[in-house]
Amino acid sequence: MTELELRDLRKTYAARGRPAVDAVRGIDLALRSGELLGLLGPSGCGKSTTLRMIAGLESVTGGDILVGGSSVIARPAQQRNIGVAFENYALYPPLTVAENLAFGLKARKRAARGDVDRKVREIADRVDLTPLLDARPTGLSSGQKQRVSLARALIREPDVLLLDEPLSHLDAAQRDTTRRELKRIQRDLGHTTILVTHDQEEALSLADRIAVMKDGVIQQLGTPYEIYDSP
Ligand code: ADP
Ligand code: ADP
């Protein structure tokens, strides 16, 4: 079953007094339920813009976005059931890590207090955040913040998960652990996922398929084997 579909998706940034930028120039893509797509391409090719449009954090110039068969274009971000872990997706400084995670959950459903606490502990354990639950985001390293963002996206149990370079600030050991954990979460929970990465190894080890973007369009689409082993 197709869970996420992009139809001729387009974005032109137009600001007064500046030339318009065609950041995304017609993307067609269908992800089946539970699939993880690795999205690669040089800086400036339109990867983040694509993710932000899917998440509802950026308006769409043309085309359509369907989740579970329904267009979500007209829905605000909080009604899309899409989890995002973006580099500069702010955590709330006044709240502890645990409260930041609980907030992500409460924003979506009115969960009972005990359930919220249990879920927070469960997800913190999965991404190795348990010792940091009472810390505040400002005191954390960028790698730790990155894991909080990831946990906050996952805790919402979204239909679709959008990850923008989720492992980029981690050291080699943490990257290995988190990558393995992501794979297990993906297998256990079956999110339909788009993961933006510069790291070929990350794409190879995690992705079911890889899309290579250039200048606002998808240039190549296939399995990691087809993308990396083709002559
Ligand atoms: P990537 O994530 O692949 O690096 P982006 O989606 O960030 O690419 O950017 C695609 C193009 O759109 C680039 O030319 C970038 O400069 C431009 N762009 C991104 N955000 C904005 C914005 N808010 N206003 C104007 N242009 C933008
Ligand atoms: P609100 O206070 O309106 O619930 P926030 O201030 O938390 O929302 O965030 C701004 C927007 O981003 C909201 O539309 C919210 O639903 C959405 N959002 C917040 N956290 C996430 C997340 N982890 N994944 C996806 N969307 C999120």
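Whatever order the structure lists ligands and atoms in, that order sets their numbers, starting from 1.
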Legend entry - Ionic contact status for Arg7 with Glu5, cut-off 4.0 Å: yes
Inset, instruction - Dump the intermediate steps for salt bridge (Lys or Arg N to Asp or Glu O under 4.0 Å) on Arg25 and Asp22, then the final yes or no. - result: CA-CA 6 Å; Arg25 300 186 297 134; Asp22 293 319; over 6 Å; no
Legend entry - Under 4.0 Å from ligand 1, counting heavy atoms only: the protein residues, by chain and number: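 Within the 4.0 Å shell of ligand 1, which is judged on heavy atoms, sit Tyr13, Val21, Ala23, Pro42, Ser43, Gly44, Cys45, Gly46, Lys47, Ser48, Thr49, Arg52.
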Legend entry - salt bridge (Lys or Arg N to Asp or Glu O under 4.0 Å) evaluation trace for Asp8 with Arg10: CA-CA 6 Å; Asp8 195 22; Arg10 278 170 284 124; 3.3 Å; yes
Inset, instruction - Verify whether one side chain among Tyr13 and Thr49 offers a donor that lies under 3.5 Å from an acceptor in the other. - result: yes
Inset, instruction - Say whether Gln186 and Thr193, considering side chains only, have a donor N or O and an acceptor N or O under 3.5 Å apart. - result: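 Thr193 and Gln186 do have a side-chain donor-acceptor pair below 3.5 Å.
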Inset, instruction - Apply salt bridge (Lys or Arg N to Asp or Glu O under 4.0 Å) to Glu226 and Arg209, showing your working. - result: CA-CA 9 Å; Glu226 287 164 348; Arg209 281 191 302 162; over 6 Å; no
